[in-house]
Every structure is written in structure tokens, then in C-alpha cells.
Protein chains: 2
Amino acid sequence: MQSQVNRRSARPRPSSAVTLQQVAQDAGVSLATASRVLSDSDRNVTQELQERVLEAAARLRYVSNAPARALVQSTTSIVGLVVHDVNDAYYSAIAAGVMEVARDHKLLVMLAGTFHEPGLQAEYVARLRAQRARAVVLAGSGFTGANPALAQELEAFAAQGGRVTAVAHQDLPVDTIVPGNREGGRAVAEHLAALGHTEIGVICGPLALVSVQERLHGFLERAAELGVVVQEHHRVEADFTREGGRAAAVRLFRRSPGITALFALNDAMALGALAALRDDLGRGVPSDVSVVGFDDLPVAGDVTPALTTVRLPLEEIGRRALLLALGDATASPRTLAVPSRLVVRASTAPPPRVTA
Amino acid sequence: MQSQVNRRSARPRPSSAVTLQQVAQDAGVSLATASRVLSDSDRNVTQELQERVLEAAARLRYVSNAPARALVQSTTSIVGLVVHDVNDAYYSAIAAGVMEVARDHKLLVMLAGTFHEPGLQAEYVARLRAQRARAVVLAGSGFTGANPALAQELEAFAAQGGRVTAVAHQDLPVDTIVPGNREGGRAVAEHLAALGHTEIGVICGPLALVSVQERLHGFLERAAELGVVVQEHHRVEADFTREGGRAAAVRLFRRSPGITALFALNDAMALGALAALRDDLGRGVPSDVSVVGFDDLPVAGDVTPALTTVRLPLEEIGRRALLLALGDATASPRTLAVPSRLVVRASTAPPPRVTA
DNA sequence: ACACAATGGGAAAACGCTTTCAGTGCGGCT
DNA sequence: AGCCGCACTGAAAGCGTTTTCCCATTGTGT
């Protein structure tokens, strides 16, 4: 049945769009002339004919066939944006930056969501390559360890003239944006140490993610420097989401009730932890437990207590990413560091006095 | 200078992608055979040749040129999604639904952001028409009153076989999703009236937006039925954002301090109002003032007090929108109502006792 | 006035693919 | 044994553009 429907609708093309040929005919000029008027060619056309063509095009509501154009010019005005989850404020913010630059450059953005399936990244790059996209921004954090499939796909894309910027990826032969993850992790360690915390729990996202690794290592590194040891069993891994954070917080406190500060490796998890502390564990924040997040999503300032977190200028990262991909190709495998900054709000305080 | 750069890079095409011709050559078969193997044609090819082609394609990392394919088939696997602001949780949620369906149908999503400029909607539809997109979802609420430019553009798109679904638009000759805005507004009126509020303020987004109108009218309508009059000067209009809500709340309370309940026409504004009440006006919620939002963004449950609001199943709306556009074309100008539901949380309570 | 450059218009090629159409080799039937 | 039909391959047409290439016309310098 399905094939029959396909057959039927495929054969007599259901309806055809206005072609340049028709516009030319309507204006009484040749195809070439019409093209010269409507595409911004360097050849010029008499005022008279120009007007006739423009008029005909407007009358027929002509828009040029982008695929045909792409075919002959072998380039498009499409850029790809690959994220893990559109409905995650982290990626929305990056996407907003990308879209802004795209608008300014009159580019169209193709959005691809991997839904957290690692393999889909390479697949989408392939599809964007097939589309002859001009550039691709890999916004989703990469996975640690070599990813040959993705690397090869990117290489092929580059070979055909495509440009790529990756955000928080490692060992990819493309322009890369390095958000201040490590640095932010260090700042958190300093902040919590300065407040006097010694029993610190860490709620990690998937350790396979580059961002998670960087944040965690920056934190552990600086904590160690300051003489604070974060015990192995004070670290817990979960989904990089609100629910992941909530579950992780519960697990962690059941296991180690003595913890006085919690570092969640992103704000979503921190929000979950906040909810767990309030609803499931009955602990006050920051009176009993301090909580720190990462990213500074807009919501971080709106919860109670307002979340201490590390601000990453996500829109800026999006803008920079696309600009990098659109920029000078010859300088290509470049690296751009984007700094982060600790934002202290109400969710952190000194640890409670021990009553013993 | 720029033109020189263009000239230079335009002439000798910087690098060319692998073509089907090359694959065919490499496999020692004709172009036609290669095409039959790689596009899923109904014609079949000997096992032997099939393998040779597949092998060659893999070796050369061939992906077919989508524009060329689109040209000959005069259809693409692209769908467009037009939103006002990507970095707004309302649209992210809809986008997530759209992307999910797109993934299941192996479609690529082109995301267009109007950045709240009304005119851009029509322009993006034109560009999507040029791309020969298969369908377009207009997620951003429409503006009241006729929009001839947009209507004509959509008509042209339909004429060339494109499908469209609009969310919260009026008088557009396309499939339309009608979220339960009016119904939600009514539910809020009932809830606040039942709690005993009589002095109710309303913080509106731009009245030109269809969603705003519907929510407001539903609310006023039901309030009137219940004998609660919402005075003209208890209504205030502002940007449909957190900051808009905050400013509006301040203005409203300076003008009418006796208000005991606040209905913000979306959650973003409600969040702003909450912040204003707490930080600028020093009023307790819900002890002094009750606050209600609309949309039930994820954040609504995370703020303190948790926000009473109207839930709109946004992802579902996104999914439905694309499915509608992908569905039966002959039934086309259809209307699909998506119900909303009041979610009572902690931000609403009976009004404070008058101490006079 | 005459050669010659410059200008603008149109016919036609090319982009990479799918699909029709014609052709070739083969087995099965009478 | 001869013919038909089947199954497959390959040549070529065509999709809608842009961009050559060539021609006619006009303007310029001497």
C-alpha cells in the first residue's frame, strides 16, 4: 500500500514550482538575462530588461531553486549545528549564538540532534556533507578517546571544502573551542576550600564526556593543591540531567551523610541535587550543605537559594564557533579558549559547625 | 579586495567532492548501475556488481550530492522550523518534539529564528521554499490581524507542494495547531476566583500575539462569568520575557498596590514577576500575592515557591505539528486542538485577610 | 570615416544525479 | 533449432541553474 501511494505521488509530480525559464519567458528575455538579473551576477543588464525581469519574478513569486543553484555553484548557504539535545538550555544558548551569526551572514542553519547517541554525530556530519553544507558546528561535547568514525567523516568533509568547529572536543583535526572547564573546576575548588569545606561530594555526568573530564580534573587538581582530598566514594556518576543529579544526590548522601558541599558538574544536575536535598533528604542549602553548579544557565539565578555556579558564555561560544568556521580556512586547525568565571550566589556558605 | 578573493576562490573550485561517476569508474560499472545500487532504486543489480559498487563507495567515502539529487527528484528531505527565539524554553521544547519526529522520518531540520521580527517569518518561508523544503512548521505564535505577506508566501509554498503547520496562528490557510490557550486562561480565572481573589493583575505579553490574546480573553471571559472584574488599569503589557515580566510587575504594583493575585501570560514573565515581588517589592508569595504563569516550562517546578501554571505539552505540540505537515495532504486545512491543564503548585493561595 | 574596444544579449555547456530507453546475453518454450 | 521474453547493463536525456562563449551593436580614438 505504501509503495502504491509512493508510486502514485512520485510519477506525475504533484505540482511544479515557478522556474527561471518561465520568468524569462514572461519577461520576454533569455534565460541567461533573467539569471543575470536575479542572481547577483557581475554582468549588467539594461535598466529596461532588468525591470521587466524583476516585475515578472515578483508577479510569479519566483524564488530560485536552491538545490539547482547549489549544484552549479557547488556551494550552499547552509551550515550545520550538531547538538545532543535541543531541549537543553546549554545547547539552546549555544544555538542562539550560532543562529545570530547565521542570520548576519544570511546562512541557513540545519539543526541535528543526536539524542545523546554517540554514533549519530558522525552520521549527521555525513548527511551535512551530503547537503554540501558550508560549515558544521559540533556543539555537543565530545567523548574522550579517539573517535575514528567521526574523525574520518570530518576529514572527508574538510576534503570537500567544508569547515568545522568543535566545542569541547579532543584530538579532532578541526578548529576547536575550549571552554574554560578546567579553569572553572579549579575556581570551584578554591571557593569551597576557602569556605572551609573538607568533605566535598562531586556529582559527575558521564565520565566519557570531555566536558565532564575537564571540569572534574580541574576541580580535583586544585583541591589537591589546596590539601583537600576528594575521596573516591564521594564521587558519583549519573546522567547529565536534572533527574540524574537528583538520583545521584540521594545515592551520595545515603552513602556519605557527612558531606558538607556538593559540586554538580552542570547546572541541570545541580538543580536536581537541590531538589533532592530539599524534598528527599531534608537538608538546608546552604545551611547544611553548599551546592555549586556549572554553566550558569538562566535558571540558576531564579531558584532558591540562587545557585553558585561557573558561568560559561554560551551564546558567545556559539557565535565564536560559527565565526571560526566561517573565517580564514588557511589558519585552520586553530584552538580558541573561552574563559569561564565563578558566580557566587546564595547556595554556598561555610560548613555547619560540628556540634561535638 | 573582497571581490578578488571571491574571484580567486570561485574560479578553480577549491576542492571537489567524490562523485558517483568516480565511484562507478572505480567499481568498473556504469554510472547508472552505481546509482541503482546506492540510491534505493527498484531495479536490481547483480550481487557481484552490487558489492563492487558498495566497496568502491565505502573506499572513497562517497555520499551522494543532496542538491543534485533534489534537483532531479524535485523533492528534498528538509523540513523547516520557524521560531521566534531559539534560546527560549518554550521554543526549545517544541523544537525537541519536531526534531524527534524528524529523526524518525530521516528528515533534516532547518531552523530559522525570527528574533521577534515579524517580517522575517515570511522571509524565512520564502527561503525554505527556495530550498524546496518538504514542510514547514511555524512554531512562533502569529500576530493578530491579517498578514498578507506571510499568507501569500505560504500559498506559494503550498502551490509547489510544500506542507505547512502553524502553531497558534489565525486565519492562515494551512494546518493549524490550536494550543489550549483560551481554556488555560479560563482555568486560571477559576482557580484564582475559587481562592477568593478579587483584585487580580494581569501581566500580558505583546497584545499583537495570538497566544497572548487567547490566554487573556479566556481569562477575562471566565473571570467575568464568575463575577470578577479585572480592571483595565490592572492589566499591563510588556515583553514576553523574564525582564518584561519583572518590569511589568514593578509598574503594576506601584500603580495598584492592592492587587492580591498576578496572572502572567507566560512562565518567563511569571519568573520575572516572582523576582520583582521578592527583590524589588518585598511581597511574599503566596502569602501576600499569588502568582500564576503559563506554559509549565521545566523551570516552573524548580523555583521557590514552585509556580502554579498552565501546562502546555510543548514537545507533543512539536511532534504533532510535524506529523500533521507530513500527513495526508488532501485533508489539508485541518485544525488540531491540544488541551492545556492547570498545574497547581505553591505560588497560589487565598488572599491575605484584610486587617481593617 | 575606419578599425577596434567595449558593452550587453542569447545559445549552449556544465554541475551530479535519477530514470528512461535501447541493447545484450541468456534460458525456456514450441 | 528458432524465437520469445526475461534480467540485467549502459548510453543518454533531463532536472533548474550559472556561466561560458559567441555575436551584434554601440561608442571611441585617430
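The structure displayed is predicted, hence computed values, not measured ones. So you know, we letter chains A, B, ... as the sequences are listed, proteins then strands, and number each from 1.
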Give the rounded distance in Å between these two atoms: CG of Leu20(A) and P of dC15(C).
20 Å
Salt-bridge criterion met for Arg320(B) and Glu316(B) (N-O under 4.0 Å):
yes
Taking only Lys NZ, Arg NE, NH1 and NH2, and the carboxylate oxygens of Asp or Glu, determine whether Arg52(B) and Glu48(B) approach each other closer than 4.0 Å.
yes
Rounded to the nearest Å, what distance is computed from the CG atom of residue Leu49(A) to the P atom of nucleotide dT7(C)?
17 Å
What nucleic acid atoms does Ser41(A) come within less than 4.0 Å of, heavy atoms only: base, sugar-phosphate, or nothing?
nothing
Between C1' of dT19(C) and CG of Leu38(B), the distance in whole Å:
15 Å
Is any side-chain N or O of Thr33(A) closer than 4.0 Å to OP1 or OP2 of dG10(C)?
yes
Starting at atom CG of Leu31(B), determine the distance to atom P of dA11(D), rounded to an integer number of angstrom.
10 Å
Expressed in angstrom and rounded to an integer, what is the separation of Gln73(A) atom CD from dT20(D) atom C1'?
14 Å
Rounded to whole angstroms, how far apart are CD on Gln21(A) and P on dC15(D)?
10 Å
Mind calculating the distance between CG (Asp42(B)) and C1' (dT19(C)) to the nearest angstrom?
10 Å
Which whole-number value in Å describes the distance from Arg36(A) CZ to dG8(C) P?
10 Å
Axis-to-axis angle across the helix from dA1(C)-dT30(D) to dT30(C)-dA1(D), five pairs an end, to 10 degrees?
50°
At under 4.0 Å between heavy atoms, what does Ser35(B) touch on the DNA or RNA strands: base, sugar-phosphate, or nothing?
base
